[in-house]
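The sequence lines fix the lettering, A, B, ..., with proteins before strands; numbering per chain opens at 1.
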Amino acid sequence: MMRTILSLLAALMLWAMPALAQSSGPLRIEITEGVIEPMPYAVPDFVADGAAGAEFGRNIARVIASDLSGTGLFREIPAQAHIGRITSFDSPVQFADWRAVNAQALITGAVSIDGSGRLVVRFRIYDVFAGQELGSGLQFVGTQDGWRRMAHKVADQVYSRITGEGGYFDSRVVFVAESGPKDQRAKRLALMDYDGANLSYLTDSSSIVLAPRFSPTGDRVIYTSYETGFPQIYVLDVASVGRRALPTPEGTMSFAPRFAPDGRSLVYSLTQGGNTDIYRMDIASGTSTRLTTAPSIETAPSFSPDGSQIVFESDRSGTPQLYIMSAGGGDARRISAGQGRYGTPVWSPRGDLIAFTKQSKGRFHIGVMRLDGSEERLLTASFLDEGPTWAPNGRVIMFTRETQGAGGQAGLYSVDISGRNLKQVPTGTGASDPSWSPLQN
Amino acid sequence: MVLKAKGMTTNGAKMTYLSKTLILCAGLALAACTNPNRFDDGGGAGLGGAGGLAGSAQDPTSAAYFQQAIGDRVLFAVDQSTLSSEAQATLEGQAQWLMTNRDFTAVIEGHADEQGTREYNLALGARRANAVQEYLISRGVSGNRLRVVSYGKERPIEICSDESCYQKNRRAVTVLAAGLGS
């Protein structure tokens, strides 16, 4: 039953997994009156083996701290409070020094540059109060300019070992970068790390572009562009930035694409004669199959992680609501039952929840519900929130929030599926329609 | 014919589709083309201004006349694509004009206000544009002179977040062009 309540409860259950329980369980998040007390941790600058790594040692520790504290589940004990000093990666840790500042977890590491000029990052995670290492030390090797990714990988390991959940820090987000006023807004596709670093652009802003979506491996992006004057779906190779239009019949509009879990096909909306239905396309052959045939609007399809079902939005009942059908089409069952209008459903990568946009009483919300529509939880409320996308571990949702009025601007926000830790994602420019990549390899 | 949609400002004409029309017109160098400048803050009604009106609203065969005297747009109720009697009257005029001025083709642009998701609004704008297209066809305009496109909520003409703006944004606009599809 714990799994059915709040997001983090499930995570917290896993804190008591056998491995940790046997270590007398000092690493544990306490819930007091429904509020999670973040776990205090310390991450001293990584020890630089040789002068070349000094700056990396500090920067990597800072990115790890940003990742962990950014979850709201961890709280850093700042360096100025530290009593202990880590001067050698391989020397025994003086746990008393870290217990004294109440750091429950300690992350130590070392950076060096190898003979080929590559950056080598080693790290260990300690359960301070148990006085022992948590899991085994690991080493990552990569290019020097990939140091942020290596820091994210360390943070993913920490998060994963302590929560029992998969991490999500070594991931990217593709989104629409916006500039200019509301009535002549310029839009182009942009790519960044999940935390806003390493921003780059994938298209120029000569045409309206909408709603990019990552492929299951993160190598491609599908999106809608008005390049021809009419909305049409394109597939873009992230590495080469090469793109091509996917074939759709003359005189139609196509939009709202999403990849199938196999990465070889997609579902999308096609409008013909004013009627919008859902189709599936095999990318290699360009062959489309129609999945819905109602005279109502059917749009925003999203696959279940196993590829067997599709959740989508339809106004067949008179207002936009959420439905689930087989991946082959056919009968659909309505799952949204509350008052209001529902849209842009997205299946969780864990398969357990549907995230959605809800419009009710003049406000917009991002919410989650179970597959049968039960246990609806609204996580946000504002003038305009829409377009949720899931973190790779299914625990965090990113979405678009647009402010009200003539000067309204769009930005990206993230929130836990518990509704906690709502915060803006730095993008440096107006931003909308995020799509979160899978964890990178 | 490829229409290049540039989301830029052209002599104060704010809309993408205006820019598109300008490019098309320039390419065909047709005198009948027009830069309506209808959202120009200056409200310049005269000829020969920046981007000047090639056709005069006094000339009943001009696109300017179509836009200003006939009316190039119809408005819709929230979430609706049904044509009000007022909208039908405007479209009657559009149909008659298009039947008389057969050199013109048109792209019917459907739009929605910002109250709604991006995807739903795209589909809703398509419904609205289609309702206008079907009406014009039912009044005798050849279907191969008409194309539809939906901008959803991407191109509002009024930018406030009140019903006073929303009602003007829930629209279908018949944008004239020359020779499209020919």
Quick check: closest heavy atoms across [X] and [Y], and the distance to 0.1 Å?
X      : Y      : result
B:V149 : A:P231 : CG2-CD, 3.6 Å
A:G274 : B:R127 : O-CG, 3.5 Å
B:Y151 : A:Y226 : CA-OH, 3.5 Å
A:Q359 : B:G116 : OE1-CA, 3.8 Å
B:A123 : A:I297 : CB-CG2, 3.4 Å

Could you check whether any side-chain N or O of [X] sits under 3.5 Å from a backbone N or O of [Y], counting only pairs where one atom can act as donor and the other as acceptor?
X      : Y      : answer
B:R155 : A:R185 : yes
A:E386 : B:R118 : yes
A:D183 : B:P156 : no

Proximity breakdown for A:P301 and chain B, heavy-atom pairs closer than 4.5 Å =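 For A:P301, neither part sits under 4.5 Å from chain B.
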message = Can you tell me which portion of A:T299 sits under 4.5 Å from chain B's heavy atoms? Options are side chain, backbone, both or neither.
response =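 Looking at A:T299, just its side chain touches chain B.
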Derivation and outcome, side-chain contact (heavy atoms from CB on, under 4.5 Å), residues A:T271 and B:V148 = CA-CA 10 Å; A:T271 302; B:V148 293; over 6 Å; no
Rounded to the nearest 0.5 Å, what separation is found between the [atom1] atom of [X] and the [atom2] atom of [Y]?
X      : Y      : atom1 : atom2 : result
B:S150 : A:F230 : OG    : CZ    : 11.5 Å
B:E114 : A:E402 : CD    : CD    : 6.5 Å
B:T117 : A:L384 : OG1   : CG    : 9.5 Å

task = Under 4.5 Å heavy-atom distance to chain A, tell me which part of B:D162 shows up: side chain, backbone, both or neither.
result =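 Nothing of B:D162, per the 4.5 Å heavy-atom cut-off to chain A.
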request  = May I ask you to name which of B:E158, B:E154, B:E134 has the most heavy-atom pairs under 4.5 Å with chain A?
outcome  =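 Maximum pair count with chain A is reached by B:E154.
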query = For atom CD of B:E86, is the number of surrounding heavy atoms from other residues, nucleotides or ligands below 6.0 Å larger than 12?
reply =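 No.
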task = Take atom CZ of A:R316 as the centre, draw a 6.0 Å sphere, and report whether it contains more than 12 heavy atoms from other residues, nucleotides or ligands.
result =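 Result for CZ/A:R316: enclosed.
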key: Top contributor to chain B contacts, counting heavy-atom pairs under 4.5 Å, from A:A211, A:P181, A:P320   =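 Of A:A211, A:P181, A:P320, A:P320 has the most heavy-atom pairs under 4.5 Å with chain B.
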query = Who among A:G387, A:G405, A:A256 has the most heavy-atom pairs with chain B under 4.5 Å?
reply =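 With the most close heavy-atom pairs to chain B, the winner is A:G405.
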task = Determine whether A:M253 and B:L122 make a side-chain contact, defined as any pair of heavy atoms from C-beta on separated by less than 4.5 Å.
result =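 The answer is no; the side chains never approach within 4.5 Å.
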task = Given salt bridge (Lys or Arg N to Asp or Glu O under 4.0 Å), test A:R258 with B:E119 step by step and report yes or no.
result = CA-CA 12 Å; A:R258 261 185 220 280; B:E119 292 80 4; 5.7 Å; no
task = Starting from the C-alpha separation in whole Å, work towards a yes-or-no answer on side-chain contact (heavy atoms from CB on, under 4.5 Å) for A:Q404 and B:C160.
result = CA-CA 8 Å; A:Q404 191 168 359; B:C160 75; over 6 Å; no
request  = Go through the steps for B:Y120 and A:D315 under the test side-chain contact (heavy atoms from CB on, under 4.5 Å), then give the verdict.
outcome  = CA-CA 9 Å; B:Y120 184 78; A:D315 68 352; 3.0 Å; yes
